[in-house]
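Below is one structure; the comments refer to it alone.
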Amino acid sequence: MEKVKCLIIGGGPAGYTAAIYASRAALSPVLYEGLEPGGQLTTTTVVENFPGFENGVDANELMNSMRAQAVRLGADIRRGCINGIDLSGRPFKVNIDTGDEIEAEAVIIATGATAKYLGLPSEQKFRGLGVSACATCDGFFYRKKDVAVVGGGDTACEEATYLAGLCRKVYLIVRRDVLRASVAMQERVKNTENIEILWNCNTQEVLGDESGVTGARLLRKDGEVFDIKIDGFFLAIGHHPVSEMFAKWVRTDENGYIVTDGRSSETNVPGVFAAGDVQDPHYRQAITAAASGCRAALDAEKFLKR
Ligand code: NDP
């Protein structure tokens, strides 16, 4: 059985940054990238808000650089997924999908979260061509255009108000006749002139052509079917943290996000740390994930030295 000092699970900004810091701390980290090397960011195109890139940076290029930086510093980055894990006692036992088994002294969970989608074939078809689940990432490309946001929670309201500052018009497609969002967020949305709330509406189809999204077909509860003309279709119906595998040992909140202790990355299991979107329902940015990956590696280093 292979013995590892610091095992990092997840190949997004949090995981790669943890690998960079853990390598420099001589923890010889081994990182498994999972199903989506590069993480959620690779579903977008240009990243314009990651500091240090005056003209923005291609998302895949950014993630490849982070990965290469970690490798150069000594991280052992592997393709592959964790099939099973036992966090009941140290060393932690981990099964890899290749059939290999690992014993790890410390584990950093950086498995991220996946955005929920409606599940429409047309939505799938136009992903990256006008369909996005991240307004902060992609909103800029719809300046002075009309877009729609689906959802009625805090995220949808926040994304709608963010987009309203960039776009000509924002439709907020809400499936009920109330918003789930906090009162303050609701007020912000209702007081923003270029946001129109389409109550009691569900999306039947995302419309488009070879250039990308051109509209959406909606069904209102009263039976009326109508089309709206839009260039961007943003999903904000929640995220799903990838934490199921750890939930038997690691404390999660009611939405499945791993609970960490205060500003640290420590979970309730000594030696197990969490970083990035799997423990962050609020910020969900590449830069905040990277920062929490740094914290997790520093916490793991301190733990292993103790
Ligand atoms: P929520 O689960 O709170 O809201 C999801 C929204 O999407 C709901 O309005 C829901 O409708 C709607 N929805 C779900 N599935 C569908 C579907 N298939 N079709 C249409 N609509 C659908 O998720 P959020 O991401 O908004 O928020 C997650 C957590 O993060 C919350 O606790 C929130 O308060 C918090 N948050 C806080 C922020 C802040 O404080 N600034 C910012 C962002 C998030 P319905 O209401 O009918 O169920």
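Computed from heavy atoms alone, side chains included, the values below leave out hydrogens, waters and symmetry copies. Whatever order the structure lists ligands and atoms in, that order sets their numbers, starting from 1.
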Q: Select the closest option to atom 20 (C) of ligand 1 among Arg175, Arg176, Lys116, judged by heavy-atom distance.
A: Arg175

Q. Closest non-hydrogen protein atom to atom 25 (O) of ligand 1, residue and atom name please, with distance?
A. Thr155 OG1, 2.6 Å

Q.
I'd like to know whether ligand 1 has His239 as a neighbour, heavy-atom separation below 4.0 Å.
A. no

Q: List the closest protein heavy-atom neighbour of atom 30 (O) of ligand 1: residue, atom name, distance to the nearest 0.1 Å.
A: Pro281 O, 3.9 Å

Q: Starting from atom 34 (O) of ligand 1, find the nearest protein heavy-atom neighbour and note its residue, name and distance.
A: Asp154 OD2, 2.6 Å

Q. To the nearest 0.1 Å, how far is atom 42 (C) of ligand 1 from its closest protein heavy atom, and which atom is that?
A. Glu158 OE2, 3.5 Å

Q. At under 4.0 Å between heavy atoms, which part of His282 makes contact with ligand 1: side chain, backbone, both or neither?
A. side chain

Q: Could you give me the CA-CA distance, side-chain angles and deciding distance for Leu166 and Tyr142, then say whether side-chain contact (heavy atoms from CB on, under 4.5 Å) is met?
A: CA-CA 7 Å; Leu166 297 170; Tyr142 301 94; over 6 Å; no

Q) When you check the side-chain N and O atoms of Arg78 and Thr98, is any donor under 3.5 Å from an acceptor? A) no

Q.
Any non-hydrogen side-chain atom of Ile108 less than 4.5 Å from a side-chain atom of Tyr21?
A. no

Q | Side-chain heavy-atom pair Arg284, Gln40 within 4.5 angstrom cut-off | A | no

Q. Which pair of heavy atoms, one from Ala297 and one from Leu27, lies closest together, and at what distance?
A. O-CD1, 4.3 Å

Q. Can you tell me which residue and heavy atom of the protein come closest to atom 2 (O) of ligand 1, and the distance to 0.1 Å?
A. Arg180 CD, 4.3 Å

Q) Atom CD1 in Ile173, atom CZ in Arg175: separation rounded to 0.5 Å? A) 13.0 Å

(Q) Under 4.0 Å, heavy-atom basis, I'd like to know which part of Leu118 is in contact with ligand 1: side chain, backbone, both or neither. (A) side chain

Q: Among all protein heavy atoms, pick out the one at the shortest distance from atom 23 (O) of ligand 1; state its residue, atom name and that distance to 0.1 Å.
A: Gly238 CA, 3.9 Å

Q: Kindly confirm or rule out an N or O of Gly151 lying under 3.5 angstrom from an N or O of ligand 1.
A: no

(Q) Between Glu105 (side chain only) and Leu304 (backbone N and O only), is there a donor and an acceptor less than 3.5 Å apart? (A) no

(Q) Test your reading of the structure: does Ala156 have an N or O sitting under 3.5 Å from an N or O of ligand 1? (A) no

Q: Check Ala106 against Phe273 and note the closest heavy-atom contact, atom names and distance.
A: CB-CE1, 4.3 Å

**Q.** Closest protein heavy atom to atom 22 (C) of ligand 1, given as residue, atom name and distance to 0.1 Å
**A.** Ile237 CG2, 3.4 Å

Q. What's the shortest distance from atom 9 (O) of ligand 1 to any protein heavy atom, and which residue and atom give it?
A. Gly152 N, 2.9 Å

Q. Which atoms of ligand 1 sit under 4.0 Å from any heavy atom of Gly153?
A. 4 (O), 6 (C), 8 (C), 9 (O), 26 (O)

Q. Taking side chain as C-beta onward, heavy atoms only, is Trp249 less than 4.5 Å from Ser88?
A. yes

Q.
Between Leu172 and Leu179, is there a side-chain heavy-atom distance shorter than 4.5 Å?
A. yes

